[in-house]
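The block underneath contains the structure these notes are about, expressed in C-alpha cells.
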Amino acid sequence: MDMAAIAALAPVIPVLTVESREIAVPLARALVKGGLSVLEVTLRTGAALECLKAIAEEVPEAVVGAGTVLNPDQLDRVQRAGARFAVSPGCTRELGLAARSSGLPFLPGVQTVSEAMTLAEQGFRFLKFFPADAAGGLTWLKAVSAPLADLRFCPTGGITPETAPAYLALPNVACVGGSWVAPRGAVATGDWQSAERLAATASALKRR
Ligand SMILES: O=C[C@H](O)COP(=O)(O)O
Ligand SMILES: CC(=O)C(=O)O
C-alpha cells in the first residue's frame, strides 16, 4: 500500500504520544475497534519505538506508522521496528531522499506553497499540512486547491471533532490527523471505552 492507499482506510489518523507498551496496545485495540485502523505513534517519548513494535506485533489489524520522524536515522529505526509508514511535521532534502530509497510510505509535512512545490518535485503528491489550524486551516487549503491541483493533504494540528467535518469536505483533503481520539485523561486512567467511542464517531465522518 502506498501512503494514499493507507489514508483511504479511515478518515482520521489518530496521532498518539504514548509512554509505555502497556498503554499503547490496549489504546490501539480500542481505536481499531472503533473503526480507526491507521495509527501514528509519534517519536516523542522514550518508549515510542517499543510502543510501535508492540502494536505492530500484537494488534495486526492496525496499520501502525511513526510520527515525528525528523531524519534518516529515525526513519531507519522506525522501519526496523515495524512501522508501515512514516510521518514528519516538515521535511528536509535528506529525509525525502531517504524515504524514497527506503520504500516506506512517507507523509511529509508542509506549511507553505513553496514547500509543497519542492516535495511535489521530489515525487510526493500526498502531504501533511502542519500545523493546520495555526497555518491557515481551511482557508489555506481552499486557496491552494487550484494552483496545487494535483496535490492532496492530510491536515493535522489543532483539528477538533467540531472542525474535522469541514476539512474532510474539501476535495484536496484525503484524511485528517489528530490527537483528540486519545485524550490525555482517558489514556491516563485506561478508559479505553471512551477512546473507542471517540474513534467510532471519527470513523463515521464522511469524506468528499
Ligand atoms: O503535534 C500535534 C499532533 O500532530 C496532533 O495535533 P493535535 O494534538 O492538535 O491534534
Ligand atoms: C506533528 C506530527 O504529527 C508529527 O510530529 O509527525
Side-chain angles (χ1 to χ4, degrees), residues 3 6-7 10-19 23-24 27-28 30-31 34 36 38-49 51-52 55 62-79 81 83-92 94-96 98-99 102 104-112 115-116 119 124 126-138 140-141 152-168 173-188 194-195 198-199 201-203 205:
M3 199 60 228
I6 291 171
V12 177
I13 300 181
V15 179
L16 310 176
T17 299
V18 276
E19 304 283 351
I23 291 170
L27 175 60
L31 295 171
L36 298 180
V38 183
L39 308 176
E40 175 186 333
V41 175
T42 66
L43 293 189
R44 297 186 203 169
T45 67
L49 280 178
C51 293
L52 186 63
I55 296 173
V63 177
V64 65
T68 325
V69 174
L70 304 179
N71 56 54
D73 179 53
Q74 290 179 331
L75 185 79
D76 183 50
R77 289 189 203 204
V78 302
Q79 193 168 23
R84 307 263 300 271
F85 64 93
V87 184
S88 179
C91 198
T92 65
E94 288 69 27
L95 182 57
S102 73
L104 193 65
F106 181 53
L107 182 63
V110 297
Q111 197 188 350
T112 69
E115 290 165 3
L119 282 163
F124 296 103
F126 180 36
L127 307 170
K128 169 167 168 162
F129 174 42
F130 178 81
D133 183 51
L138 296 167
W140 189 92
L141 287 159
R152 294 286 172 278
F153 297 90
C154 170
T156 304
I159 296 179
T160 66
E162 291 73 33
T163 60
Y167 279 98
L168 291 166
V173 168
C175 62
V176 301
S179 62
W180 83 85
V181 288
R184 217 176 273 262
V187 171
S194 287
L198 288 164
T201 305
S203 70
L205 290 172

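First listed ligand is number 1; within each ligand, the first listed atom is number 1.
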- Should one rank Gly158, Pro131, Pro89 by closest heavy-atom distance to atom 9 (O) of ligand 1, which comes out on top? Gly158

- Task: With the side chain counted from C-beta on, respond yes when Leu205 and Pro161 share a heavy-atom pair under 4.5 Å apart, and no when they do not.
- Result: no

- Query: Among Pro14, Ser179, Ala182, which residue places a heavy atom closest to atom 10 (O) of ligand 1?
  - Reply: Ser179

- Task: May I ask you to check whether Arg44 has an N/O atom sitting below 3.5 Å from an N/O atom of ligand 1?
- Result: yes

- Sub-4.5 Å side-chain heavy-atom contact between Phe106 and Cys91: yes

- ligand 1 contact by Gly177, heavy-atom criterion under 4.0 angstrom: no

- Separation between OG1 (Thr45) and CD1 (Ile23), nearest 0.5 Å, reads 9.5 Å

- Message: Would you say that Leu70 contacts Leu95 through its side chain, given a criterion of any heavy-atom pair below 4.5 Å between the two side chains?
- Response: no

- Message: Counting C-beta onward and ignoring hydrogens, is there a side-chain heavy-atom pair between Val69 and Val87 closer than 4.5 Å?
- Response: no

- Is ligand 1 under 4.0 Å from a heavy atom in the side chain of Trp180, in the backbone, in both, or in neither? neither

- Note on the structure: If you scan protein heavy atoms around atom 4 (O) of ligand 1, the nearest is Thr156 CG2, 3.4 Å

- Item | Subset of ligand 1 atoms that lie under 4.0 Å from at least one heavy atom of Gly178 | 10 (O)

- Task: Could you grab the distance from atom SG of Cys51 to atom CG of Leu27, nearest 0.5 Å is fine?
- Result: 9.5 Å

- Per-residue contact class, Glu40 against ligand 1 - non-hydrogen pairs under 4.0 Å: neither

- Task: Check ring pair (Phe, Tyr, Trp, His ring centres under 6.0 Å) between Tyr167 and all other residues, then give those that pass, not counting sequence neighbours.
- Result: none

- Query: Would you say Pro155 and Val173 make side-chain contact, with heavy atoms under 4.5 Å?
  - Reply: yes

- Considering only non-hydrogen protein atoms, determine which one is nearest to atom 6 (O) of ligand 1 and report residue, atom name and distance to 0.1 Å. Gly157 CA, 3.6 Å

- Message: Contact between Arg184 and Val187 at the side-chain level, heavy atoms closer than 4.5 Å - yes or no?
- Response: no

- Crowded around Arg152 CZ? As in, over 12 foreign heavy atoms under 6.0 Å? yes

Contact table ligand 2 N or O to protein N or O, d under 3.5 Å:
{"unit_1": "ligand 2", "atom_1": "3 (O)", "unit_2": "Glu40", "atom_2": "OE2", "d": "3.0"}
{"unit_1": "ligand 2", "atom_1": "3 (O)", "unit_2": "Lys128", "atom_2": "NZ", "d": "2.4"}
{"unit_1": "ligand 2", "atom_1": "5 (O)", "unit_2": "Arg44", "atom_2": "NH2", "d": "3.0"}
{"unit_1": "ligand 2", "atom_1": "5 (O)", "unit_2": "Thr68", "atom_2": "N", "d": "3.3"}
{"unit_1": "ligand 2", "atom_1": "5 (O)", "unit_2": "Thr68", "atom_2": "OG1", "d": "2.6"}
{"unit_1": "ligand 2", "atom_1": "6 (O)", "unit_2": "Glu40", "atom_2": "OE2", "d": "3.4"}
{"unit_1": "ligand 2", "atom_1": "6 (O)", "unit_2": "Thr68", "atom_2": "N", "d": "2.7"}
{"unit_1": "ligand 2", "atom_1": "6 (O)", "unit_2": "Lys128", "atom_2": "NZ", "d": "3.3"}

